[in-house]
Protein chains: 4
Amino acid sequence: MAPKRVDRAARREDVLDAAVRVFARRGFAATRIEDVAAEAGIAKGSVYLYFDSRDALLRAAFARVAARSERLTAAAARPGRPAVQRLADLVRGAVAMLAAEPDLARIMVDLWSTGRARPGTPPGGTAAPALDLAEVYRAYRSVIADLLAEAGRDGDLRPGLGQAEAAVVVAAIEGALVQWLVDPEVPFADLADPITTTCLNGLRPRP
Amino acid sequence: MAPKRVDRAARREDVLDAAVRVFARRGFAATRIEDVAAEAGIAKGSVYLYFDSRDALLRAAFARVAARSERLTAAAARPGRPAVQRLADLVRGAVAMLAAEPDLARIMVDLWSTGRARPGTPPGGTAAPALDLAEVYRAYRSVIADLLAEAGRDGDLRPGLGQAEAAVVVAAIEGALVQWLVDPEVPFADLADPITTTCLNGLRPRP
Amino acid sequence: MAPKRVDRAARREDVLDAAVRVFARRGFAATRIEDVAAEAGIAKGSVYLYFDSRDALLRAAFARVAARSERLTAAAARPGRPAVQRLADLVRGAVAMLAAEPDLARIMVDLWSTGRARPGTPPGGTAAPALDLAEVYRAYRSVIADLLAEAGRDGDLRPGLGQAEAAVVVAAIEGALVQWLVDPEVPFADLADPITTTCLNGLRPRP
Amino acid sequence: MAPKRVDRAARREDVLDAAVRVFARRGFAATRIEDVAAEAGIAKGSVYLYFDSRDALLRAAFARVAARSERLTAAAARPGRPAVQRLADLVRGAVAMLAAEPDLARIMVDLWSTGRARPGTPPGGTAAPALDLAEVYRAYRSVIADLLAEAGRDGDLRPGLGQAEAAVVVAAIEGALVQWLVDPEVPFADLADPITTTCLNGLRPRP
DNA sequence: GATGAATGAGGCTTCATTCAT
DNA sequence: AATGAATGAAGCCTCATTCAT
């Protein structure tokens, strides 16, 4: 029974892989279950062996985005080097990761709008477990805010930096991502440096 | 034969107003023609008196977003004051405008994903005049890059700044917007200052 | 008030003229009230000043077809010349009239199918005054059958000819019409002679 | 992956059978997809498993009419007996077939009007392979014209008969059909003899 | 009388989901 | 488990008809 489980889980991942690809290509709204099935090389009905509904597929894709984000911040939280450097690494790492996985990046943008108010959500309230994108970004900012504060105490950045500045750093990354997705000629990966230096210089102590 | 005292164009704007509100509330994908009609206080079929199709409504909404963006950059291009200041004004103006018209802002986010590969586009190819969001952002960056260069020549910012840094500035604005839309507790309007100072300080000449 | 009446009737005819042209061009099914209005050079709503409904327009068009048919047979019933000749004249006259008024002819073909079971007709039965096309053809055949019988008594055709042979004569005309309408290269007007001679020869007494 | 024991093609035929019945009963224009589905005993949406659109259903019905017509003329073209007799057989066969399949016959009449200028045809131009009814009748007349010419050489009919007389023969059949469809009391099947004898006698050599 | 804006019922088509095989 | 045929709810759009001006 154990191998069965593994198989099942592996198959599920395969389907999700396919879904992510199609979601990235056509967007959620335009993606039909059949598209996902075709991309996964299985029959339409078989998708339902692994996911309860179209919505569940969407939520699973969201979970991937969230997990990736978490992995990223987790790495940055590890101490051992100066906070400014860990911050710089975090920014560079985030850009690199988004650039390396454009499909997930595209889905994230879709989530920005879809996550807001899903059609399925009944006016009453208790819908499916919400795609808590807000929480993801809150955590993201928290980690950065902590690093900013620490770097402030280290004297590498201005003291007193907090949530607002963390939001600016996150903004620079996500905003650059948007421009790349909207216009593939924008060299997103190459923006890692300008983003890092601009933000960090901008937050240095005034001479 | 009398031109009918109902002003066609005004009525069309009313419907578009309604559409923008609903698009912002539910997203494009989830918005049905009937929702727009209800919001406008007219019958479903009446929407078609003013717009050829659901897609035309979407395109008109895009045009509003694009027009607003243009108004913004046009103001910044007017000379008369130092480039750094005009740049700072542009950033603050952009944030203020987005904060003041959250509906259009939300639609813009929808456009980021929808604009990519619209489902409506017939396989044949030449559909309606594409929602050229890329062009909007290209123009946006251009204006900012010009200001950066000018400020460089003024000695207010580093010399040699260009497209990349312009992208970072745009990114900071749009990225902050995203965080606000995803999480209304993010004080977007208040981020105008942190964004402006961080970016401009970060681009100052090194002492 | 009298001139008003005349005006009104004349306008009504104008609208019907327009309707006949459009019906002939696009067929009933594909003709919208607006098409008729445009062809008549009036507004959509004005059509309803002269006709109660789309269906009434159709019925009026039918009436024209029927009236024309009646005029035709009426002429043939007038005595004074040998029956065979009146018969030949009737056939030639029918062809000439149909060829001269292709619009009405096209409408007649539409009536063959539409007249059968109009959508509006409730399953129960009592719909609008039916388009009694059957009656039109019955009268048509009657007149011809009478002429055949008379020509039989005259010794110009075989005796004992009746409804069946009348149907064949009518058939030759209407069937030729169909071929012309389906394929404009068929020289309908020129078929008057072949139809007349074939039928009349075919009904001559055997030598 | 098993080919599913339901034969797709057979099922498609079933649906087409149902469509033909409904088309015959209500006419094309008045037939909704739901009517066809109900007649076939399936759900509305299921019709689309077998036909791409309402129009495709119409075209398939046309194909049946055309195929039947072809079968008929093919039989007549086979030599072996005198041409006059084959001609007589063709006429009788045509009437018998039309009388035996009144549904297809009714559809044919619908095609006479629908085939002309189908509403479905996009303004662009090249829609689906047009319902080339003209071609069907052209072929029909050709076969008959050949038989007439051969019978002329045999001395059974007048020499020099051609397209015009062929049109008259076709006309007699189709025209009789019309009268029957318009008025079910017309004994169409019994008209086979009057048509045959009238036409063939009418085309005999003059004594 | 004329108009044409407004209405809303109705038809076509799509597609998430189910289920018999 | 896997399939894909079948379903039917929903959404887009059209157009006959009404009605205020």
Side-chain angles (χ1 to χ4, degrees), chain A residues 4 7-8 11 30-37 41-57 119-120, chain B residues 1-8 11-12 29-37 40-57 119-120, chain C residues 4 7-8 11 30-37 41-57 119-120, chain D residues 1-8 11-12 29-37 40-57 119-120:
Chain A
K4 273 278 178 64
D7 270 15
R8 200 186 138 77
R11 293 292 252 156
T31 298
R32 296 164 303 139
I33 286 287
E34 185 148 24
D35 297 329
V36 173
I42 61 177
K44 191 172 27 159
S46 302
V47 172
Y48 287 87
L49 296 173
Y50 305 104
F51 294 91
D52 282 346
S53 67
R54 187 175 179 275
D55 213 62
L57 215 37
Chain B
M1 200 152 269
K4 210 74 179 185
R5 58 236 74 233
V6 195
D7 187 352
R8 247 198 104 82
R11 220 89 168 81
R12 197 186 135 103
T31 298
R32 293 161 302 133
I33 286 287
E34 185 151 24
D35 297 328
V36 174
I42 61 178
K44 201 180 8 165
S46 302
V47 172
Y48 289 89
L49 294 173
Y50 304 103
F51 294 91
D52 281 346
S53 67
R54 189 175 177 279
D55 209 61
L57 212 40
Chain C
K4 274 278 178 66
D7 269 16
R8 199 186 139 76
R11 294 291 252 154
T31 298
R32 295 164 305 138
I33 286 287
E34 186 148 26
D35 297 328
V36 173
I42 61 177
K44 191 171 28 159
S46 302
V47 172
Y48 287 86
L49 296 172
Y50 306 104
F51 294 91
D52 283 345
S53 68
R54 187 175 179 273
D55 214 61
L57 215 39
Chain D
M1 201 154 268
K4 211 73 178 185
R5 59 234 75 235
V6 195
D7 187 353
R8 249 198 104 82
R11 219 88 169 81
R12 197 186 135 104
T31 298
R32 295 161 302 133
I33 286 286
E34 185 150 25
D35 298 328
V36 174
I42 60 178
K44 202 179 8 166
S46 302
V47 172
Y48 289 87
L49 294 173
Y50 304 103
F51 294 91
D52 282 345
S53 67
R54 188 175 177 279
D55 210 61
L57 212 40

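In what follows, every heavy atom counts, from backbone to side chain, and hydrogens, waters and symmetry copies are set aside.
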Just the rounded figure in Å: distance from [atom2] of [N] to [atom1] of [X].
| X | N | atom1 | atom2 | result |
| --- | --- | --- | --- | --- |
| D/Asp55 | E/dG11 | CG | P | 18 Å |
| A/Tyr48 | E/dC15 | OH | C1' | 9 Å |
| D/Ile42 | F/dA5 | CD1 | C1' | 11 Å |
| A/Arg54 | F/dA9 | CZ | C1' | 15 Å |
| B/Asp7 | E/dA5 | CG | P | 11 Å |
| C/Asp35 | F/dT14 | CG | P | 13 Å |
| C/Arg32 | F/dC13 | CZ | P | 16 Å |
| C/Ile33 | E/dG4 | CD1 | P | 16 Å |

With respect to the phosphate group of [N], does any side-chain polar atom (N or O) of [X] fall under 4.0 Å of OP1 or OP2?
| X | N | answer |
| --- | --- | --- |
| B/Arg8 | E/dA5 | yes |
| A/Tyr50 | F/dA2 | yes |
| A/Arg11 | F/dA2 | yes |

query = Say you draw a straight line from CZ of A/Arg11 to CG of A/Leu49; how long is it, rounded to the nearest 0.5 Å?
reply = 9.5 Å

inquiry  = To the nearest 0.5 Å, what is the distance between NZ on C/Lys44 and CG on C/Asp35?
reply    = 10.5 Å

inquiry  = Quick check: on DNA chain E, is the nucleotide nearest A/Thr31 upstream (toward 5') of the one nearest B/Gly41, or the reverse? Name the residue that is more 5'.
reply    =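 Taking each residue's closest nucleotide, the earlier one in sequence belongs to B/Gly41.
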
query = Starting at the 5' end of DNA chain E and moving along, which residue's nearest nucleotide shows up first, A/Gly45 or D/Gly45?
reply = D/Gly45

query = So what's F/dT7 paired with, Watson-Crick or G-U wobble, going by both distances under 3.5 Å?
reply =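 Pairing partner, where one exists within any strand: E/dA16.
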
request  = Give none if F/dT21 has no partner; otherwise give the nucleotide forming a Watson-Crick or G-U wobble pair with it, both distances under 3.5 Å.
outcome  = E/dA2

query = Nearest to the side chain of B/Ala43 - F/dA6, F/dC13, E/dT7?
reply =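 Closest nucleotide among those given: E/dT7.
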
query = Does any non-hydrogen side-chain atom of B/Phe51 lie less than 4.5 Å from one of B/Ile33?
reply =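 B/Ile33 vs B/Phe51: side chains apart.
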
inquiry  = Let's test your reading of the model: under 3.5 Å, does the base of E/dG10 pair with the side chain of B/Lys44 as donor and acceptor?
reply    =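 Present.
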
ask   = Between D/Ala56 and D/Asp52, what is the shortest heavy-atom contact and its length?
value =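 Residues D/Ala56 and D/Asp52, closest heavy atoms: CB-N, 4.0 Å.
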
remark   = Note: for A/Ser46 and D/Val47 on DNA chain F, the residue whose nearest nucleotide lies more 5' is A/Ser46

